[in-house]
Amino acid sequence: MVPAWEQRKLGEVAPLQRGFDLPVSQMISGPYPVVMSNGVGGWHSKYAVKGPGVVTGRSGTIGGLQYIEGDFWPHNTSLWVTSFNGNEPKFIYWLYSSLNLERFGSGSGVPTLNRNDVHDQLIGVPCNIAEQRRIGAFFDRLDSLITLHQRKYCGVASWMLGAALVRLGSESDGAFGEMKHVLR
């Protein structure tokens with residue numbers, strides 16, 4: 001039997017709020033990440049929100065979602081989920097990741113995300129928290145697998161480039177001689 005899903009407005013499921021002001025001059029080095037529009041931009045001695053948390057860019061960079069395990073300070077250039085309302089945080093992270101938040105951006109010079117535009121979106125949500133956990137875990141594993149393969153590919157590509165440069169450099173007329181053969 002497939003668990004039931006319901007259609008709701010995103011603002012009812014996991015509402016967003018603007019982050020908190022924290023000028024760099026008032027940032028005191030500490031263990032808590034300060035999450036800005038483009039990711040962690042510093043560390044502070046105090047936190048404003050208990051983790052876990054989901055944060056996205058509000059001003060400047062939109063759509064770069066962050067999942068924060070521990071306590072954190074959402075900066076005023078970000079929007080953060082104020083309540084998961086009994087939903088699985090990782091599911092909410094992947095749900096927001098799927099929304100293409102960039103399309104809600106406005107502003108001529110600096111892109112800005114208005115949370116009210118996002119809150120009105122109708123979304124499907126599994127009623128069963130266990131189903132939400134399974135979905136969140138599935139996408140976490142998929143993301144890890146993609147990252148692993150990207151690292152392997154980059155490692156192989158770097159090795160191949162290094163081997164090619166060594167070969168090119170060892171040819172009798174050097175790398176440029178080899179390039180002449182390639183360019184013919």
Side-chain angles (χ1 to χ4, degrees), residues 1-20 30-44 46-58 60-75 77-105 111 113-158:
M1 179 176 175
V2 176
W5 286 55
E6 62 183 15
Q7 195 171 48
R8 297 175 54 198
K9 286 188 175 184
L10 187 56
E12 298 168 2
V13 175
L16 295 169
Q17 175 181 305
R18 180 182 181 270
F20 305 99
Y32 303 106
V34 177
V35 186
M36 300 181 175
S37 66
N38 59 349
V40 175
W43 298 86
H44 191 47
K46 298 178 185 173
Y47 64 88
V49 176
K50 291 204 65 70
V54 175
V55 184
T56 188
R58 178 191 67 81
T61 303
I62 296 174
L65 235 64
Q66 302 285 319
Y67 183 85
I68 309 296
E69 288 284 347
D71 303 339
F72 63 101
W73 186 289
H75 192 262
T77 59
S78 69
L79 293 171
W80 60 284
V81 172
T82 59
S83 174
F84 295 103
N85 292 319
N87 293 293
E88 173 64 25
K90 273 291 184 153
F91 172 79
I92 296 299
Y93 168 77
W94 289 110
L95 175 68
Y96 267 106
S97 293
S98 73
L99 292 178
N100 186 20
L101 293 173
E102 295 90 349
R103 67 188 166 115
F104 296 103
L113 179 62
N114 183 333
R115 67 190 174 123
N116 296 319
D117 296 336
V118 178
H119 284 170
D120 287 336
Q121 292 300 296
L122 286 175
I123 50 140
V125 180
C127 298
N128 184 318
I129 193 79
E131 180 72 5
Q132 290 183 13
R133 282 191 188 106
R134 283 191 294 273
I135 291 169
F138 171 81
F139 283 109
D140 273 351
R141 283 192 304 274
L142 182 61
D143 187 55
S144 294
L145 188 59
I146 289 168
T147 301
L148 176 67
H149 284 288
Q150 286 173 335
R151 285 185 188 149
K152 282 183 182 178
Y153 174 74
C154 288
V156 169
S158 294

Participant: Pair Leu122, Lys9 - check side chain to side chain contact (heavy atoms under 4.5 Å, CB included), show working.
Facilitator: CA-CA 5 Å; Leu122 286 175; Lys9 286 188 175 184; 3.9 Å; yes
Participant: Return yes if some donor-acceptor pair links the side-chain N/O of Gln132 with the main-chain N/O of Glu88 below 3.5 Å, else return no.
Facilitator: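 Side chain of Gln132 to backbone of Glu88, a donor-acceptor pair under 3.5 Å: yes, one is there.
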Participant: So, for Ile135 and Pro126, which heavy atoms are closest and what is the spacing to 0.1 Å?
Facilitator: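 Where Ile135 meets Pro126 most closely, the heavy atoms are CD1-CG, 3.9 Å.
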Participant: Look at the side chain of Thr77 and the backbone N and O of Ser37, then say whether any donor-acceptor pair between them is shorter than 3.5 Å.
Facilitator: yes
Participant: How about Pro52 and Tyr93: do any of their side-chain heavy atoms sit closer than 4.5 Å?
Facilitator: no
Participant: Is the shortest side-chain heavy-atom distance between Leu10 and Leu99 below 4.5 Å?
Facilitator: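 Yes, their side chains come closer than 4.5 Å.
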Participant: Please check if any side-chain donor atom of Asn85 sits under 3.5 Å from a side-chain acceptor atom of Glu12, or the reverse.
Facilitator: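 Side-chain D/A pair, Asn85 to Glu12: absent.
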Participant: Out of curiosity, Arg58 CZ to Met36 CE, how far, rounded to the nearest 0.5 Å?
Facilitator: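 Between Arg58 CZ and Met36 CE, I get 12.5 Å after rounding to 0.5 Å.
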Participant: Once you round to the nearest 0.5 Å, how far does CH2 of Trp80 lie from CZ of Arg115?
Facilitator: 10.5 Å
Participant: Show me, pair by pair, the donor-acceptor contacts under 3.5 angstrom made by side chains of residues 65-73, not counting sequence neighbours?
Facilitator:
{"from": "Asp71", "atom 1": "OD1", "to": "Gly51", "atom 2": "N", "distance (Å)": "2.9"}
{"from": "Trp73", "atom 1": "NE1", "to": "Phe20", "atom 2": "O", "distance (Å)": "3.3"}

Participant: Check whether any side-chain heavy atom of Leu16 sits under 4.5 Å from a side-chain heavy atom of Val81, and report yes or no.
Facilitator: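 Touching, per the 4.5 Å side-chain cut-off.
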Participant: Between Gln17 and Leu79, is any pair of side-chain heavy atoms under 4.5 Å apart?
Facilitator: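 No. Closest side-chain heavy atoms not under 4.5 Å.
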Participant: Ile92 and Val13: which non-hydrogen atoms are nearest, and at how many Å?
Facilitator: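 Smallest heavy-atom distance, with atoms named: CD1-CG1, 3.7 Å.
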Participant: Measuring from atom CD1 of Ile123 to atom CG of Leu95, what distance do you get when rounded to the nearest 0.5 angstrom?
Facilitator: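 The distance works out to 4.5 Å.
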Participant: Taking the side chain as C-beta and beyond, is there a heavy-atom pair between Trp43 and Pro33 under 4.5 Å?
Facilitator: yes
Participant: Considering all heavy atoms of both residues, which atom of Ser83 and which atom of Pro15 are nearest to each other, and what is their separation?
Facilitator: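 That would be O-CD, 3.4 Å.
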Participant: I want to check something: taking the side chain as every heavy atom from C-beta on, are Phe104 and Ile62 in contact at a cut-off of under 4.5 Å?
Facilitator: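 Result no, sub-4.5 Å side-chain heavy-atom pair not found.
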Participant: Residues in salt bridge (charged side-chain N to carboxylate O under 4.0 Å, His left out) with Asp140, at least two apart?
Facilitator: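 Partners of Asp140 by the salt bridge (charged side-chain N to carboxylate O under 4.0 Å, His left out) criterion, ordered by chain and then number, come out as Lys90.
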Participant: With sequence neighbours left out, what residues match Lys46 under salt bridge (charged side-chain N to carboxylate O under 4.0 Å, His left out)?
Facilitator: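 If we apply the salt bridge (charged side-chain N to carboxylate O under 4.0 Å, His left out) test to Lys46, skipping adjacent residues, there are no hits.
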